[in-house]
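First up is the structure itself, then whatever we jot down about it.
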Amino acid sequence: MPSLYPLLRPLIFSLDAETAHEAALELLNSLRFLYPKSTVLKPVSVMGLSFPNPVGLAAGLDKNADYLPGLLRFGFGFIEVGTVTPRPQPGNPKPRMFRLSRHCSIINRMGFNNAGVDHLLHRLGDIGQRDYVLGVNIGKNLTTPVEHALDDYLVLMDRVYPSADYITVNISSPNTPGLRTLQNEAELEQLLSGIAERRRQLQDQHQFDRPVALKVSPDMATQAVAPIADKLRQHGIDALIATNTTLDRSAVQDHPLAQQAGGLSGAALKEKSREILYLFHQELGDDIPIISVGGIDSPQEAQLRLDLGASLIQVYSALIYEGPGLIKRMARSITTNA
Ligand SMILES: Cc1cc2nc3c(=O)[nH]c(=O)nc-3n(C[C@H](O)[C@H](O)[C@H](O)COP(=O)(O)O)c2cc1C
């Protein structure tokens, strides 16, 4: 794909962040026939799945699986759609997404705006045969009390199990009140044991297994890492996704938008995301693979995460700042241990 992004970026950045995001995705989907699909092959095997390359799209960009044909032109080895909730919901009032351009960062408080699981499954049904790995990221509806969150996750497991290559349990968005409390030890125990039990039932019913990943926040105390790692092992979770966005504003405190409510992503999250990766890798070793996400914005940063112990990486904010050519540049240059 020729690199038009440096030309298009000023136009895109002249629009409000969410409008630009939607317009770019619509444009991309309609122009997809101009661009042949070509994926860099650096095959890796993780969670029992074969990935054409280890560079993936993080959750939240294609919440409803509406843009897969266009996004695949970027050359991702895997794409995570969602977060999807059982019922459709509008999310928070707009504006709810802000660019902090001089920090190559974003603050968002989207609040799981999505068209619901029926819509997502309908979209996936249209796609047919896939030559990439598809993750489905699941979360609870805003109106479901956090004490009943498990019910929503179980409904979603039942529904997406046949269509997803892997399922991500998202308990780390800062924009759904109470969601992150599910990372506390007692709550996590209850959640993961419920999920593990349902997974066994689904495995019996369908006669195939689906790997399950847990996506965590970067805003945890160092002491919280070991107990979470234990729970992952205990309940047979197949991968850890680290990390979601941060509430910490120390890296952007000089910016006029720094006090906007929501989760911060992009370059300002880089240090924290590296640190959490390092800490979890110390605990998990090679037992449970880690998918590193947060501030990955260059082939060098992608390589660093793999060298720090990640098996796969995901990108979101850097796509907006660097453009889609970044994905193939990363995939071409990295060396995996596979
Ligand atoms: C606008 C926006 C929406 C997001 N929505 C979701 C979401 O629905 N579910 C989720 O697990 N993560 C979501 N994320 C977090 C990303 O998947 C990723 O974990 C985070 O942005 C850090 O990666 P990055 O620095 O490459 O952006 C969202 C991020 C952004 C910027």
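Atoms within a ligand are numbered from 1 in the order they appear, just like the ligands themselves.
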For [atom], which protein heavy atom lies nearest, and how many Å away is it?
atom: atom 27 (O) of ligand 1; result: Ser317 OG, 2.6 Å
atom: atom 7 (C) of ligand 1; result: Thr83 OG1, 3.4 Å
atom: atom 26 (O) of ligand 1; result: Tyr316 N, 3.0 Å
atom: atom 13 (C) of ligand 1; result: Ala59 O, 3.2 Å
atom: atom 21 (O) of ligand 1; result: Ser265 CB, 3.2 Å
atom: atom 15 (C) of ligand 1; result: Asn244 OD1, 3.5 Å

Is it true that the NZ or CZ of Arg210 lies under 6.0 Å from the centre of Tyr166's six-membered ring and within 45 degrees of the ring axis?
-> no
Any heavy atom of Asn108 under 4.0 Å from ligand 1? The part involved is side chain
Has ligand 1 got any nitrogen or oxygen that is less than 3.5 angstrom from a nitrogen or oxygen of Gly295?
-> yes
Can you find an N/O atom of Gly266 closer than 3.5 Å to an N/O atom of ligand 1?
-> yes
So, the side chain of [X] versus the backbone of [Y]: is there a donor-acceptor pair under 3.5 Å, distance only?
X: Asn29; Y: Asp66; value: yes
X: Tyr316; Y: Val293; value: no
X: Arg199; Y: Gly236; value: yes
X: Asn114; Y: Asn64; value: no

Basic-acidic side-chain contact under 4.0 Å: Asp219, Lys272 | yes
Among Val84, Ile138, Leu61, Asn137, the residue with a heavy atom nearest to atom 11 (O) of ligand 1 is Asn137
